Colleague: 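Structure provided below as structure tokens; questions to follow.
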Amino acid sequence: MKLPEAYYQSDDVVGLAKDLIGKYLFTRFDGMVTGGYIVETEAYAGVIDKASHAFGGRNTPRTSTMYLNGGVAYVYLCYGIHEMLNIVTSVEGQPHAILIRAINPTLGLDVMQARRNMAVIKPNITMGPGSVAKALGISRKVNAISLKSDILWLEDKGLVISESDIIAAPRVGVDYAGDDALLPYRFYVKGNPYVSKPRKP
DNA sequence: GTTATGATCTCCT
DNA sequence: GGAGATCATAACG
């Protein structure tokens, strides 16, 4: 059921980012399993991508996780407030990663609702990278954890999103990346209510 | 040691 | 439509 390690070791991050659409993502903390299927991702293509933390081969205590062998999680804090979950791909030394921007929750909705302090469940419970991490209970404590662990993993449940329902678009929040900000490295499911909206200008 | 800033979200007007 | 929250990280002195 879990995706095999080899799945993550493809060199084609962008292709993987698209393929991850429709795969299931689960976490287990304190015995509570929560998760759903991925409806939005963004690829960060290693050292040649200005939007990537590893651009130009930058390797620091934080980004060293991205250089690990594919199949681990890269979690970091952004804006001092939000944790973000990435899937590291490719082989050791190749800092490719995929940001999980949104999932369609299917399991443990009540737990996620409590984690988000929401009175009512609305689509924004797992809409946007910061929200996904919070709803799933993900924090920097699981940075660099293996995806074949029982804490955080992905599954292929045979859900197929039709090719025509997967849209490619420019990434969000990376204006500082110059030309690379325009690359169509963001993928999402057309019409899915959990897909985040691009930020305003 | 100091300083600028971000792969964002939420609430307010 | 817009600002504030809030801090680890990275670059620099």
Side-chain angles (χ1 to χ4, degrees), chain A residues 8 13-18 20-21 25 38-68 70 72-90 94-105 112-145 152 167-188 192-201:
Chain A
Y8 303 104
V13 237
V14 179
L16 271 183
K18 183 176 180 185
L20 279 176
I21 301 286
L25 170 68
I38 298 168
V39 297
E40 185 179 1
T41 62
E42 272 178 16
Y44 285 84
V47 300
I48 59 161
D49 182 353
K50 292 199 194 75
S52 169
H53 292 160
F55 172 65
R58 195 165 38 187
N59 191 340
T60 64
R62 177 178 67 161
T63 62
S64 63
T65 303
M66 296 177 81
Y67 289 82
L68 299 176
V72 299
Y74 169 44
V75 183
Y76 76 98
L77 184 69
C78 191
Y79 294 104
I81 301 183
H82 306 289
E83 322 261 2
M84 310 243 189
L85 170 66
N86 296 251
I87 308 296
V88 175
T89 71
S90 194
Q94 219 30 280
H96 289 177
I98 298 169
L99 174 68
I100 307 299
R101 291 192 57 88
I103 70 172
N104 186 325
M112 294 193 245
Q113 183 184 5
R115 284 180 183 141
R116 299 266 290 128
N117 290 318
M118 295 175 79
V120 213
I121 292 178
K122 293 179 292 194
N124 71 354
I125 188 168
T126 52
M127 182 169 74
S131 303
V132 170
K134 185 160 191 197
L136 294 180
I138 290 166
S139 72
R140 280 163 293 156
K141 287 186 219 157
V142 297
N143 182 39
I145 202 173
L152 176 59
I167 312 291
R171 292 172 292 184
V172 178
V174 294
D175 300 341
Y176 59 85
D179 294 341
D180 288 348
L182 303 174
L183 295 169
Y185 283 2
R186 169 173 177 249
F187 299 94
Y188 63 91
N192 186 285
Y194 295 95
V195 173
S196 71
K197 305 212 172 18
R199 275 198 290 168
K200 324 226 159 175

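First the proteins, then the strands, lettered A, B, ... as listed; each starts at 1. What you see is a predicted model; the values in this text were computed from it and never measured.
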Colleague: Which nucleotide wins on minimum distance to the side chain of A:Arg140, given the candidates C:dA8, B:dT8, B:dA7?
Modeller: C:dA8
Colleague: Could you write out each protein N or O paired with an N or O of nucleotides 11-13 of chain C at a distance under 3.5 Å?
Modeller:
residue: C:dA11; atom: OP1; partner: A:Arg58; partner atom: NH1; Å: 3.1

Colleague: About how many Å separate CE of A:Met127 and OH of A:Tyr194, when rounded to the nearest 0.5 Å?
Modeller: 10.5 Å
Colleague: Strictly below 4.0 Å, N to O, side chains only: are A:Arg186 and A:Glu40 in salt-bridge contact?
Modeller: yes
Colleague: Using whole Å, what does the distance between atom P of nucleotide C:dT9 and atom NE2 of A:His82 come to?
Modeller: 17 Å
Colleague: From the set C:dA10, C:dA5, B:dG6, return the single nucleotide nearest to any side-chain atom of A:Ile81.
Modeller: C:dA5
Colleague: From CG of A:Leu183 over to P of B:dA7, roughly how many Å is that when rounded to an integer?
Modeller: 16 Å
Colleague: For A:Arg116 and A:Ile121, indicate whether the former's side chain and the latter's backbone hold a donor-acceptor pair under 3.5 Å.
Modeller: no
Colleague: Could you check how far NE2 of A:His96 sits from C1' of B:dA7, rounded to whole Å?
Modeller: 16 Å
Colleague: Respond yes when some side-chain nitrogen or oxygen of A:Arg62 is under 4.0 Å from OP1 or OP2 of C:dA10, and no when none is.
Modeller: yes
Colleague: A:Asn86 side chain: which of B:dA7, C:dT6, C:dA10 is closest?
Modeller: B:dA7
Colleague: Let's test this: given Watson-Crick or G-U wobble pairing with both distances under 3.5 Å, identify the partner of B:dA7.
Modeller: none
Colleague: In whole angstroms, how far is the C1' atom of B:dG6 from the OH atom of A:Tyr76?
Modeller: 8 Å
Colleague: How close or far is atom C1' of B:dA7 from atom CD1 of A:Ile100, stated in whole angstroms?
Modeller: 12 Å
Colleague: Could you tell me the separation between the CG atom of A:Leu77 and the C1' atom of C:dA5, rounded to a whole number of Å?
Modeller: 12 Å
Colleague: I need the CD-C1' distance between A:Glu83 and B:dG6, as an integer number of Å.
Modeller: 14 Å
Colleague: Round to a whole Å and report the spacing from OH of A:Tyr176 to C1' of C:dT9.
Modeller: 13 Å
Colleague: Is any side-chain N or O of A:Arg101 closer than 4.0 Å to OP1 or OP2 of B:dT8?
Modeller: yes
Colleague: Got a second to check how far A:Asn104's CG is from A:Asn192's CG, nearest 0.5 Å?
Modeller: 5.0 Å
Colleague: What is the nucleic acid contact for A:Ser52, judged by heavy atoms within less than 4.0 Å: base, sugar-phosphate only, or nothing?
Modeller: nothing
Colleague: When you look at CD1 of A:Ile48, are more than 12 heavy atoms from neighbouring residues, nucleotides or ligands closer to it than 6.0 Å?
Modeller: no
Colleague: With a distance cut-off below 6.0 Å to the six-membered ring centre and an angular limit of 45° from the axis, does A:Arg171 pair with A:Tyr44 as a cation-pi contact?
Modeller: yes
Colleague: Can the positive tip of A:Arg62 be found less than 6.0 Å from the middle of the six-membered ring of A:Tyr76, inside 45° of the ring normal?
Modeller: yes
Colleague: When you compare the ring of A:Tyr79 with the six-membered ring of C:dA5's base, are the centres less than 5.5 Å apart and the planes under 30° from each other?
Modeller: no
Colleague: Pick base, sugar-phosphate or nothing for A:Arg116, based on heavy-atom distances below 4.0 Å to the nucleic acid.
Modeller: sugar-phosphate
